[in-house]
A.B. asks: 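Below is one structure. I have some questions about it.
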2 protein chains.
Amino acid sequence: MNDHSTTYTSTEYRTPDGAPTDIVVFTITSTEKAGAKKSLPIRALEVMLIKRKQWPFEGKWALPGGFTKETETVRQCAERELMEETGVSGVHLDYFNVYSAPGRDPRGWMISHAFFALVQEAYVASRRTSDEAADVRLIPVEEALEMDLAFDHGTILSDALDKIRQHMMTTTIAREFLPERFTMSELYQVIQTVVPSFQERNFIRKITSTQSRRGIIEEVRNAEGQPLMSNQYSQRPAQLYRFTDYTPELSIYG
Amino acid sequence: MNDHSTTYTSTEYRTPDGAPTDIVVFTITSTEKAGAKKSLPIRALEVMLIKRKQWPFEGKWALPGGFTKETETVRQCAERELMEETGVSGVHLDYFNVYSAPGRDPRGWMISHAFFALVQEAYVASRRTSDEAADVRLIPVEEALEMDLAFDHGTILSDALDKIRQHMMTTTIAREFLPERFTMSELYQVIQTVVPSFQERNFIRKITSTQSRRGIIEEVRNAEGQPLMSNQYSQRPAQLYRFTDYTPELSIYG
DNA sequence: TGAATAGTGTCTATCAGACACTATAGG
DNA sequence: CCTATAGTGTCTGATAGACACTATTCA
């Protein structure tokens with residue numbers, strides 16, 4: 001419905017006005033329960049948003065991100081912008097989609113590359129504001145989904161959430177939200193925080209004593225071969241586990 | 001190592017010289033065995049390549065693709081270029097990665113968006129050459145991987161192959177290579193053609209009589225409820241099946 | 001001893017994996 | 001009756017899902 005009348009010479013093409021990246025930074029915050037002394041914390045999935053200081057969408061909340069430079073890949077751009085805007089670095093960063101609908105950015109023709117990052121709460125404690133942002137804040141995802149975000153960031157956030165839910169069930173990205181050593185309850189809580197519908201009554205047993213899943217996680221032992229335990233969240237000490245570097249291959253056919 | 005000395009004003013940024021798409025078109029070709037009269041065909045996974053007529057990489061084989069216009073999404077661009085360059089339309093098209101390494105395209109700063117397409121052999125029978133391509137051809141993937149393709153298309157092809165192998169095992173994309181109604185042998189052959197390591201000795205039984213997998217495929221029956229059979233590939237007629245619109249959710253945790 | 005979490009015993013129906021076996025129809 | 005593919009019988013050990021039960025430690 002447009003410029004088929006123009007001559008077909010490649011040098012006459014209009015070129016994009018920029019190749020931005022947007023990063024959906026997820027973290028799981030832990031809050032101790034009020035009453036009990038030793039109990040599992042309340043966990044919540046939150047996303048990092050920045051309040052814009054400039055046109056366009058001045059005053060609206062947006063995902064961190066920025067423009068790719070000629071000398072870097074879009075991944076390097078995402079890493080750099082994440083560091084510049086939120087002070088977060090060295091984290092798990094996954095590319096998941098491109099957003100190219102005409103008119104999605106009032107500044108011009110912008111094709112944006114979206115990443116999600118999974119970071120531990122401690123990593124974002126030292127976050128800071130930058131030139132471009134009036135405020136950086138962690139917002140519970142359910143709340144963020146209801147907000148009227150800048151650009152098409154509502155769609156991007158929603159897509160990112162779908163992706164990490166799928167990855168949470170099919171890969172070992174849960175490790176990104178956990179310390180090196182963790183208990184089964186912690187793992188179970190993390191999975192449930194990201195995927196609320198997840199429920200396994202015999203979770204511990206399935207992970208530890210099922211041959212086909214043996215290998216994704218292993219018990220942590222000390223030099224003498226004694227199992228290492230933690231009583232951080234419970235009276236009775238719980239076995240500590242760690243992820244191995246093995247990820248099982250899934251199949252719908254068997 | 002670069003332009004940190006320049007002033008930090010957004011209007012001074014260099015902008016990309018284009019946002020191309022590249023499409024990895026996979027098809028499975030079937031060849032009848034010479035000797036036998038009724039037997040399963042030999043199937044091969046092939047990829048569509050175009051011989052370039054222009055600088056850069058003139059004379060080299062490349063993936064079909066082209067430049068995104070201001071008025072379309074990258075997906076629409078991929079659909080359009082696929083139609084223009086190969087005559088293929090209305091097929092399964094999945095976005096899988098972005099390629100943005102500086103210097104990947106001698107024409108300038110090009111951030112390319114890669115799709116894979118799954119098409120039936122019949123769809124590509126009517127393929128044609130275009131202005132830009134001297135030749136369009138299906139090449140067996142193993143052969144194509146050995147070739148010195150234009151740009152970083154070797155990497156893109158390799159990545160695409162990884163992706164469809166993973167999708168073949170975890171989604172029902174096998175349907176894109178099959179007719180509406182198919183036999184278990186055909187399905188098994190298609191899976192094996194894409195993922196040679198796949199092997200299930202009790203394949204039929206697992207698909208049809210396992211509760212947890214019941215639902216991805218169903219028997220085809222006629223109006224009277226009689227099972228529909230095919231003896232296209234065998235003396236003994238085989239039950240015909242079709243995919244349902246159900247895709248199971250996989251999990252490494254149970 | 002109660003609270004809070006960790007973990008086991010045990011039962012049944014189902015499933016995986018292996019292998020031998022029967023079934024169908026054309027030539 | 002041979003061949004090529006389709007499909008079943010049957011065995012063992014492993015697993016899923018349910019629920020009741022025991023274990024550990026601190027306050």
Side-chain angles (χ1 to χ4, degrees), chain A residues 30 32-43 181-190 192 197-217 219-220 226-241 248-254, chain B residues 30 32-43 181-190 192 197-217 219-220 226-241 248-254:
Chain A
S30 299
E32 282 176 25
K33 275 198 203 107
K37 28 253 126 194
K38 285 214 173 179
S39 65
L40 292 166
I42 296 166
R43 297 181 193 258
R181 299 161 174 189
F182 53 86
T183 65
M184 281 294 159
S185 293
E186 289 182 278
L187 173 57
Y188 189 75
Q189 270 204 323
V190 163
Q192 275 212 322
S197 63
F198 178 75
Q199 207 184 338
E200 283 296 334
R201 303 183 59 139
N202 293 337
F203 184 69
I204 297 179
R205 170 181 279 149
K206 280 176 107 159
I207 298 293
T208 55
S209 72
T210 303
Q211 278 204 349
S212 58
R213 262 177 297 274
R214 201 178 287 160
I216 77 170
I217 275 168
E219 293 181 4
V220 181
Q226 299 300 318
L228 282 177
M229 317 291 278
S230 158
N231 65 343
Q232 185 179 1
Y233 299 120
S234 60
Q235 313 294 9
R236 175 174 173 174
Q239 175 65 50
L240 287 169
Y241 292 86
E249 286 173 15
L250 296 169
S251 164
I252 61 172
Y253 296 114
Chain B
S30 299
E32 282 176 26
K33 275 197 201 107
K37 30 251 129 191
K38 285 212 173 181
S39 65
L40 291 166
I42 296 165
R43 296 179 194 260
R181 299 161 174 187
F182 53 87
T183 65
M184 281 295 158
S185 292
E186 289 183 276
L187 172 57
Y188 189 75
Q189 270 204 324
V190 163
Q192 274 213 322
S197 63
F198 178 75
Q199 208 184 339
E200 283 296 337
R201 302 184 59 138
N202 294 336
F203 183 69
I204 297 179
R205 169 180 280 147
K206 281 176 105 158
I207 297 292
T208 56
S209 70
T210 304
Q211 278 204 351
S212 58
R213 262 179 295 273
R214 201 177 288 162
I216 77 170
I217 274 168
E219 293 182 1
V220 182
Q226 300 299 320
L228 282 178
M229 318 291 279
S230 158
N231 66 342
Q232 186 180 1
Y233 300 119
S234 60
Q235 314 293 9
R236 174 172 175 176
Q239 175 66 50
L240 287 169
Y241 293 87
E249 285 172 16
L250 296 170
S251 165
I252 61 172
Y253 297 114

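All values reported here derive from a predicted model rather than from experimental measurement. Protein chains get the first letters and strands the later ones, always in sequence-line order, with residue 1 at the start of each.
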A.B. asks: Under the criterion side-chain hydrogen bond (donor to acceptor under 3.5 Å, both in side chains), which of A:R205, A:Q192, A:K206 is the partner of A:E200?
C.D. replies: A:K206
A.B. asks: Between A:Y233 (OH) and D:dT24 (C1'), how many Å, whole number?
C.D. replies: 19 Å
A.B. asks: With side chains defined as the heavy atoms from C-beta onward, is the minimum distance between B:L187 and A:Y253 less than 4.5 Å?
C.D. replies: yes
A.B. asks: How many whole angstroms separate atom CE of B:M184 from atom C1' of D:dA4?
C.D. replies: 19 Å
A.B. asks: Let me spell it out: for each of B:N202 and B:L40, pick the nucleotide of DNA chain D with the closest heavy atom. Which residue's pick is nearer the 5' end?
C.D. replies: B:L40
A.B. asks: Roughly, in whole Å, what's the span from CZ in A:R201 to C1' in D:dA20?
C.D. replies: 11 Å
A.B. asks: To the nearest angstrom, how far is B:I204 atom CD1 from C:dT24 atom P?
C.D. replies: 15 Å
A.B. asks: In terms of the nearest nucleotide of DNA chain C, which residue is placed more toward the 5' end: A:L240 or B:N231?
C.D. replies: A:L240
A.B. asks: What verdict does the ring pair (Phe, Tyr, Trp, His ring centres under 6.0 Å) test give for B:Y188 and B:F198, after you've listed the backbone C-alpha separation in whole Å, the side-chain angles of each residue and the deciding distance to 0.1 Å?
C.D. replies: CA-CA 9 Å; B:Y188 189 75; B:F198 178 75; 5.7 Å; yes
A.B. asks: When you check the phosphate oxygens OP1 and OP2 of C:dG7, does a side-chain N or O of A:R205 lie under 4.0 Å from one of them?
C.D. replies: no
A.B. asks: Return no unless some side-chain N or O of B:R236 is found under 4.0 Å from OP1 or OP2 of D:dA4.
C.D. replies: no
A.B. asks: B:I207 CD1 to C:dT14 P: how many Å, rounded?
C.D. replies: 19 Å
A.B. asks: Provide, to the nearest angstrom, the distance between the CZ atom belonging to A:F203 and the C1' atom belonging to D:dA16.
C.D. replies: 15 Å
A.B. asks: Rounded to whole Å, please give me the gap between CD in A:Q235 and C1' in D:dA23.
C.D. replies: 13 Å
A.B. asks: Between A:P237 and B:E200, which residue's closest nucleotide on DNA chain C lies nearer the 5′ terminus?
C.D. replies: A:P237
A.B. asks: Would you please test A:T183 and A:Q232 for side chain to side chain contact (heavy atoms under 4.5 Å, CB included) and show each step?
C.D. replies: CA-CA 10 Å; A:T183 65; A:Q232 185 179 1; over 6 Å; no
A.B. asks: Can you confirm whether A:Q239 sits close enough to A:I204 that some side-chain heavy atom of one is under 4.5 Å from a side-chain heavy atom of the other?
C.D. replies: no
A.B. asks: Checking contacts here: which listed nucleotide (C:dT5, D:dG17, D:dT5) is nearest the side-chain heavy atoms of B:S185?
C.D. replies: D:dT5
A.B. asks: Find the distance B:Q239:CD to D:dG7:P and express it as a whole number of Å.
C.D. replies: 7 Å
